[in-house]
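One structure is given below, encoded as structure tokens.
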Amino acid sequence: MSTPEPSPRPGPSSAPGGASSAPEGGSPAPQGAAARPARFPRLRGSSELGVCALLLAVGVLVLTDALTMDTVASVRGPVGPRTVPVVVGAALVVVAVLLAVDVLRGGRGEAEGGEDVDLSEPGDWRTVALLAGVFLAFAALVGPLGFPLAGALLFWGSAYALGSRSHALTRDPLIAAGLSVATYAVFHLLLGVHLPGGPLMGVL
């Protein structure tokens with residue numbers, strides 16, 4: 001009596017039906033778009049270069065406007081109307097160049113995680129509308145009321161729109177008035193930038 005011979009076991013590269021699960025060479029065949037080479041691989045992920053271009057354009061615009069500004073000879077000096085725009089424009093150009101160099105070397109900004117902001121919640125359009133109204137009111141009142149009064153309303157209204165309620169009628173108006181007068185003094189008296197004084201022109 002003869003015993004039946006054992007059937008051979010399928011190997012790791014064989015599949016039911018005798019077909020091989022992988023092509024020759026041991027690597028799976030690429031599928032769909034995964035096999036296509038990426039277009040413009042050097043520019044992929046370099047969207048920060050657009051930010052660099054924007055910063056550079058704004059910096060050049062600020063510098064050009066500052067250097068072509070007409071100034072009165074009596075207010076020229078180490079600190080004048082051109083000082084702040086030149087500093088800001090030069091800083092924008094330097095930041096744009098440094099950021100472009102970092103991006104071209106492979107630096108990437110981390111993705112915005114939203115911190116403690118719930119990105120699924122809708123926007124607070126009430127606050128946006130209040131802030132827009134405050135800025136429009138400032139633009140309309142800065143002429144007749146002058147910068148000190150209109151600026152105080154701007155600072156106080158912005159604080160109120162952003163949620164300051166408990167001190168809206170006590171501390172906030174005093175802080176807003178102080179900031180407005182200090183801003184007016186720095187720009188009008190020290191830097192020589194003319195700002196409308198309004199009824200307080202003879203006082204300040």
Side-chain angles (χ1 to χ4, degrees), residues 47-63 65-66 69 79-96 98-99 102-103 107-204:
S47 59
E48 294 90 342
L49 292 176
V51 179
C52 302
L54 178 61
L55 290 176
L56 182 62
V58 174
V60 171
L61 178 62
V62 172
L63 283 175
D65 188 53
M69 181 188 303
V79 178
R82 295 180 178 178
T83 304
V84 173
V86 168
V87 171
V88 172
L92 287 173
V93 172
V94 171
V95 169
L98 293 178
L99 181 59
D102 180 68
V103 172
R108 295 291 180 272
E110 296 182 1
E112 177 63 39
E115 297 180 354
D116 59 343
V117 179
D118 189 359
L119 300 179
S120 63
E121 292 292 328
D124 189 359
W125 294 109
R126 179 177 179 274
T127 301
V128 174
L130 286 175
L131 286 174
V134 168
F135 279 97
L136 291 176
F138 169 76
L141 297 176
V142 68
L145 295 183
F147 185 87
L149 294 178
L153 292 176
L154 171 67
F155 294 135
W156 175 82
S158 300
Y160 182 85
L162 293 175
S164 180
R165 299 290 190 272
S166 58
H167 302 284
L169 299 178
T170 55
R171 183 189 63 187
D172 292 350
L174 298 177
I175 297 177
L179 286 176
S180 180
V181 172
T183 304
Y184 177 82
V186 169
F187 280 89
H188 186 75
L189 301 179
L190 297 180
L191 299 179
V193 179
H194 175 71
L195 295 175
L200 300 179
M201 178 63 77
V203 179
L204 298 177

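These values consider heavy atoms only, across backbone and side chains, with no hydrogens, waters or symmetry-generated copies. The chain is numbered in sequence order, starting from 1.
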Approximate separation, where rounding is to 0.5 Å, of Leu154 CG and Leu149 CG: 12.5 Å
So which heavy atom on Ala152 is nearest to which on Ala176, and how close? O-CB, 3.4 Å
Out of curiosity, Asp172 CG to Ser166 OG, how far, rounded to the nearest 0.5 Å? 7.5 Å
Rounded to the nearest 0.5 Å, the CG atom of Leu179 sits from the CG atom of Leu174 at a distance of 11.0 Å
Could you tell me the separation between the CG atom of Leu131 and the CG atom of Leu162, rounded to the nearest 0.5 Å? 5.0 Å
How long is the straight-line distance from CG of Leu195 back to OG1 of Thr183, given to the nearest 0.5 Å? 9.0 Å
Shortest non-hydrogen contact between Val95 and Leu55, atoms and distance: CG1-CD1, 4.1 Å
Heavy-atom side-chain contact between Leu92 and Leu56 under 4.5 Å: no
Would you name the heavy atoms of Ala150 and Val142 that are closest together and state the gap between them? CB-CA, 3.6 Å
Could you grab the distance from atom CH2 of Trp156 to atom OG of Ser164, nearest 0.5 Å is fine? 9.5 Å
Between Ser180 (side chain) and Phe147 (backbone), is there a donor-acceptor pair under 3.5 Å? yes
Test of understanding: with ring-ring contact (aromatic ring centres under 6.0 Å, His included), list the residues that count as partners of His194, not counting sequence neighbours. His188
For the CZ atom on Arg165, are there more than 12 heavy atoms of other groups (residues, nucleotides or ligands in this structure) within a distance under 6.0 Å? yes
So do Asp124 and Val128 actually touch side chain to side chain, heavy atoms under 4.5 Å? no
